[in-house]
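Notes to accompany the following structure.
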2 protein chains.
Amino acid sequence: MRGDGGGYDPDHMKRSEPGLHPVLAELLPAELHALCTQVQAGKGERLFATGKKPAFMFFVICGEVTLERLGRNGESVILQRSRHGFVGEASLNSPRYHCDARAVADSTLARIPIRELRASLERDPVFAMRWICMLNREVKRLRMQCERFSLNGVQHRLIHLIETEGTQGRYPLGAGLKSVAKELGVTHEALYRCVAALEKNGDLLRDGGELHLLREPAA
Amino acid sequence: MRGDGGGYDPDHMKRSEPGLHPVLAELLPAELHALCTQVQAGKGERLFATGKKPAFMFFVICGEVTLERLGRNGESVILQRSRHGFVGEASLNSPRYHCDARAVADSTLARIPIRELRASLERDPVFAMRWICMLNREVKRLRMQCERFSLNGVQHRLIHLIETEGTQGRYPLGAGLKSVAKELGVTHEALYRCVAALEKNGDLLRDGGELHLLREPAA
DNA sequence: CGTACTTTTGAATCGCATCAAATCTGGTGG
DNA sequence: CCACCAGATTTGATGCGATTCAAAAGTACG
């Protein structure tokens with residue numbers, strides 16, 4: 001039921017010291033590989049706290065992590081919710097964490113020591129350029145996500161998701177429609193109804209593990 | 001009514017070839033300084049177009065620039081609204097622009113040649129690290145914007161905006177509430193009503209050029 | 001078999017988009 | 001100084017669509 005690992009060998013997360021996650025293995029230079037460790041975080045566990053000196057950067061492999069900050073009245077404001085990818089890149093250059101990180105579901109994470117990561121970036125321009133490209137992709141992805149959120153109507157958002165994040169009109173639902181609903185910022189009920197309506201119209205097919213957009217809905 | 005120039009000498013924008021903007025002067029290495037030019041863009045002018053080969057990156061000094069994409073029905077969707085800072089960082093390593101940039105107010109911009117920028121990044125690790133820090137801030141901002149869009153209710157979004165993008169509960173409205181409404185992804189009518197309700201409750205003050213959140217609304 | 005979860009459908013409510021229109025504002029020119 | 005216009009601001013009325021609450025049916029797992 002964690003399901004959001006991106007299609008990699010699910011056995012990974014059971015091993016105590018598995019190989020580095022493919023995305024990280026490709027991005028990071030060899031000298032950092034050995035310094036990264038894979039860790040488990042139980043639901044509710046805190047990864048780091050506001051004000052502490054940043055020691056590690058985290059990469060979410062599966063599960064869910066939030067960054068939160070306290071508002072002026074003590075209520076917590078969620079800054080970011082991550083189910084896959086880096087968390088707290090900003091801590092790379094901060095003397096202190098500016099927010100709390102908390103696993104809101106049982107999660108598998110890669111832990112990268114910041115001091116050594118920094119050192120590698122400063123000494124290896126090719127790695128630095130890869131890192132910049134990674135950040136550029138992240139910026140682009142986030143902009144598309146903002147665009148999607150700015151659409152009104154579940155149907156518009158769903159189609160935008162399939163067309164921008166999917167391939168050939170196909171979008172894999174790793175963890176079920178319910179998690180897709182969260183990604184779209186709508187309730188799962190609304191998404192179920194939307195999918196059902198599109199299917200009845202013959203605009204969409206649900207083939208087991210993926211959504212297949214057949215044509216542009218007339219409406 | 002532009003107001004967001006960051007407090008620098010307003011005469012800057014009148015000179016035809018003024019010194020480089022302080023933020024850029026600090027960020028960019030010396031060899032790039034001479035290659036940057038300051039340009040004026042009239043309201044409505046397009047800085048670059050989707051699909052074109054990226055030649056320049058822009059930095060907004062004053063005025064307002066939007067990044068937009070065309071939705072399927074020809075309506076333009078705003079991805080980003082920038083009154084100060086970089087526009088189109090992602091074009092650094094892209095063969096094509098993935099969106100349009102347009103000045104929505106008379107604006108002063110710095111124009112940086114991408115080819116030379118990339119060359120400097122590849123050869124100068126210290127500069128690359130500064131660039132990475134800049135991108136980190138941008139990623140952080142975008143993540144917060146996504147989180148904001150995921151909130152339901154105009155009020156929640158507005159408060160989140162003030163608490164995350166503002167300082168001390170104060171948020172400057174450079175171009176009026178109408179542009180804030182777009183930033184929040186709601187109609188301006190809805191935002192006006194929300195602000196009016198918060199003011200009547202004594203939770204919010206509208207002091208000329210800025211919103212001031214006095215306390216957390218009980219509701 | 002029972003537990004826990006997802007999936008699905010139903011019904012009621014509410015908030016926002018939408019359309020409309022009045023007021024206010026700053027700017028321009030007679 | 002006034003007439004006038006374009007844009008921002010504000011208020012009102014209406015309808016739709018998503019949220020919400022509720023519950024049933026399907027599914028995986030021990």
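The sequence lines fix the lettering, A, B, ..., with proteins before strands; numbering per chain opens at 1.
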Check the distance between D:dT10's P and B:Leu191's CG and give it to me in whole angstrom.
10 Å
Carboxylate-amine/guanidinium proximity below 4.0 Å for B:Arg102 and B:Glu45
no
Using whole Å, what does the distance between atom P of nucleotide C:dT6 and atom NZ of A:Lys182 come to?
9 Å
What's the closest nucleotide to the side chain of B:Ala196 if the choices are D:dT10, C:dC16, D:dT11?
D:dT11
Check ion pair A:Glu138-B:Arg143 (N to O, under 4.0 angstrom)
yes
Taking 4.0 angstrom as the limit, do A:Arg83 and A:Glu183 come out as a salt bridge?
yes
Could you check how far CD of B:Glu199 sits from P of D:dT10, rounded to whole Å?
8 Å
On DNA chain C, compare the nucleotides closest to A:Asn152 and A:Leu177; which residue's is nearer the 5' end?
A:Leu177
Round to the nearest Å and state the distance from A:Leu211 atom CG to C:dT7 atom C1'.
14 Å
Test: B:Arg141 and B:Glu165 ion pair at under 4.0 Å:
yes
Just the rounded figure in Å: distance from P of D:dA18 to CG of A:Leu184.
12 Å
If you go through the side-chain atoms of B:Arg193, does one of them form a donor-acceptor pair with the base of C:dG15 closer than 3.5 Å?
no
Under 4.0 Å between any heavy atoms, over every strand shown, what does A:Arg157 touch: base, sugar-phosphate, or nothing? Just pick one.
nothing
Integer-rounded Å distance: D:dG17 C1' and A:Leu158 CG
16 Å
Testing D:dT9, D:dA18, D:dT10 for proximity to the side chain of A:Val154, the answer is D:dA18
Nearest whole Å is fine: how far is C:dC14 C1' from B:His156 NE2?
13 Å
A:Thr187 side chain N/O closer than 4.0 Å to the phosphate oxygens (OP1, OP2) of D:dA18?
no
Under the side-chain hydrogen bond (donor to acceptor under 3.5 Å, both in side chains) test against A:His212, which residue among A:Arg206, A:Gln168, A:Arg170 passes?
A:Arg170
Of the listed nucleotides C:dT9, D:dA18, D:dT11, the one nearest the side chain of B:Glu189
D:dT11
Looking at B:Tyr192, does any N or O in its side chain come under 4.0 Å of the phosphate oxygens OP1/OP2 on D:dT10?
no
Taking atom P of C:dC16 as reference, at what distance in whole Å does atom CG of A:Leu151 sit?
18 Å
